[in-house]
Amino acid sequence: MLEFLKEGYLPETTFPVRKVDPTLCTKCGMCWETCPTAGYAWKRREIPSPVGYGGLAQACINCGNCISVCPAGAIQMTGAYQVKAGRYKSMLKGEMRYPTPINQNETREYTSYEKDLTPVEQTIFTRRSHRLFKDKIVPEELIARILEAGRFAPSAGNCQPYKSIVITNRKIIEELERRSMPSLRLSKNLYLEGSGRKKPWKNILFTLLSWFMVNKLDPRPMAALEKSDQIKGKFYFNAPVVILILKDKRGISNPDLDAGIYAQNIVLSAHSLGLGTCYISMPIIPLNLPLLRGFRQRIGIVHPYEAVTSIAVGYPKIQIDRAIKRDSPPVEWLRD
Ligand SMILES: Cc1cc2nc3c(=O)[nH]c(=O)nc-3n(C[C@H](O)[C@H](O)[C@H](O)COP(=O)(O)O)c2cc1C
Ligand code: SF4
Ligand code: SF4
């Protein structure tokens, strides 16, 4: 039993170490604004400081956005998020590397061979999740154009088991945020500790729960919830367009997977057209709760459809689209 508990919940977690060079930083705050996890504490006209909270040593998921966004090149980041042992032991190598689709064994900078890549490869490698949008309307023709890219995604049995709801009505986006926040806030408060040290009973509870809810209890989404709280629940970041992606529950085989492929076609096509996007799954669990049935029906989520994710779309306020480093999931080759 003791071993089971020791093995349990997130023992020995390492986080990336971020450093802001005070001699370069212009105190613009854009790293703070674009970070999905409230990884920096920042006040106007001050240098941001990397932080953790609620029992997390650092609030950082290695997304690289702060480095992409920083106009002064003031941020250095080393290391990676890893759980060293137990049920959540990381399968990632902790090796953050730039894309190397060709010349895999060389250490050349991505930009030195970008010109040798196809336009599709360039679109894939330079896409970033945007969380700063211009207050500018996206023409409906452009939204229809990116949805058309989704329509031509592969799907099991070619049954296209999805539906999109395009929301450009600001009041509905705000209502979605407002209605989702109470349950999100509740789960965050249960999970994180204001004091920074997790109470022993919580460790035991989450250890037990993590057997049954293995992909629901990672701390990283909790760090993103903290960010939402800090920006008054505006987890769509004032995006002018939100596309809700629904699956048709009767779809062949695995409609969640089909909906994901559909969504990614939309996201890549948007990036190729100069639009910024960010997947936002935060409201999906609350949206599917019985409590929000009336709201769901009002916005068109009715049987046989169910929300899978959503995509914020808009014109980027600043340019962050560039290749960043990413960890490497395992690849095994079974050769002749
Ligand atoms: C299914 C899915 C759900 C996501 N949900 C959120 C979200 O709720 N809020 C958010 O800020 N980012 C969300 N993201 C964006 C990820 O944080 C982002 O893709 C990741 O950090 C890598 O950064 P990049 O997209 O810039 O490469 C989501 C991404 C995916 C694929
Ligand atoms: S790498 Fe991403 S998550 Fe980490 S501090 Fe920078 S913006 Fe935030
Ligand atoms: S984005 Fe760069 S320059 Fe701006 S506050 Fe952050 S570290 Fe400083």
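Counting starts at 1 for both ligands and their atoms, in listed order.
Between Arg151 and Glu148 there is a salt bridge, with a side-chain nitrogen of the basic residue lying less than 4.0 Å from a carboxylate oxygen of the acidic one. Comment: Lys163 does not engage Asp248 in a salt bridge, judged by the lack of any side-chain N to carboxylate O separation of less than 4.0 angstrom. Using a cutoff of 4.0 Å between basic side-chain nitrogens and carboxylate oxygens, Arg170 and Glu175 are not scored as salt-bridged. Salt-bridge annotation for Lys232 and Glu177: absent, with no side-chain N of the basic residue lying under 4.0 Å from a carboxylate O of the acidic one.
Of the candidates Arg131, Arg127, Arg326, Arg131 brings a heavy atom nearest to atom 12 (N) of ligand 1. The option with the heavy atom closest to atom 24 (P) of ligand 1, from among Pro221, Ser129, Ala323, Ser281, is Ser129. With atom 5 (S) of ligand 2 as the reference point, the heavy atom nearest to it among Arg18, Arg131, Lys227 is part of Arg18. When Thr126, Ile311, Ile284, Ile280 are checked for heavy-atom proximity to atom 9 (N) of ligand 1, Ile280 turns out nearest.
Under the 4.5 Å side-chain contact rule for hydrophobic residues, Val242 and Val313 do not share a cluster.
In this structure, Lys227 satisfies the cation-pi test against Trp32, with its NZ or CZ atom closer than 6.0 Å to the six-membered ring centre and inside 45 degrees of the ring normal. A cation-pi contact, defined as under 6.0 Å to the ring centre and within 45° of the axis, links Arg18 to Tyr40. Cation-pi geometry between Lys136 and Tyr315 is met: under 6.0 angstrom from the ring centre, within 45 degrees of the axis.
Between the side chains of Arg145 and Ser269, not a single donor N or O lies within less than 3.5 Å of an accepting N or O. Residues Thr277 and His271 have side chains that never bring a donor and an acceptor to within less than 3.5 angstrom of each other. Side-chain atoms of Ser281 and Thr309 form a donor-acceptor pair, as typed in the model, at a separation below 3.5 Å.
Those atoms of ligand 1 that come under 4.0 Å of a heavy atom in Cys63, given as number and element, are 21 (O), 23 (O). Close approach of ligand 2 to Tyr40 (heavy-atom distance below 4.0 Å) involves ligand atoms 5 (S). Within the listing of ligand 3, atoms 7 (S) sit less than 4.0 angstrom from a heavy atom of Val20. The distance from ligand 1 to the heavy atoms of Ile61 drops below 4.0 Å at these ligand atoms: 17 (O), 21 (O). When each atom of ligand 1 is checked for a heavy atom of Asn65 under 4.0 Å away, the hits are 26 (O).
Heavy atoms of Ala224 come nearer than 4.0 angstrom to ligand 1 in no pair at all. Using a 4.0 Å heavy-atom cutoff, Lys227 is absent from the residues neighbouring ligand 1.
Scanning for side chain to side chain donor-acceptor pair (under 3.5 Å) contacts around Asn238 gives an empty result, with sequence neighbours left out. Residues satisfying the side chain to side chain donor-acceptor pair (under 3.5 Å) test with Arg296, not counting sequence neighbours, are none.
At a 4.0 Å heavy-atom cut-off, ligand 3 touches Ile75 through the side chain alone.
Nearest protein heavy-atom contact of atom 14 (N) of ligand 1 is Tyr279 O, 3.2 Å.
Classification of the Tyr110-Tyr113 ring pair by plane angle, with boundaries at 30° and 60°, yields perpendicular.
Heavy-atom contacts from other residues, nucleotides or ligands closer than 6.0 Å to NZ of Lys325 number 12 or fewer. Residue Leu289 places its CG atom among more than 12 non-hydrogen atoms of other residues, nucleotides or ligands, all under 6.0 Å distant.
Of all protein atoms, those that are N, O or S and lie under 2.8 Å from atom 2 (Fe) of ligand 2 total 1.
At under 3.5 Å, not a single nitrogen or oxygen of Ile324, backbone or side chain, sits near a nitrogen or oxygen of ligand 1. Taking only nitrogen or oxygen atoms, main chain and side chain alike, Thr309 does not reach within less than 3.5 Å of ligand 1.
Considering OG1 of Thr14 and OH of Tyr81, their distance stands at 8.5 Å, rounded to 0.5 Å.
For atom 4 (Fe) of ligand 3, protein N/O/S neighbours under 2.8 Å (waters excluded) are Cys28 SG.
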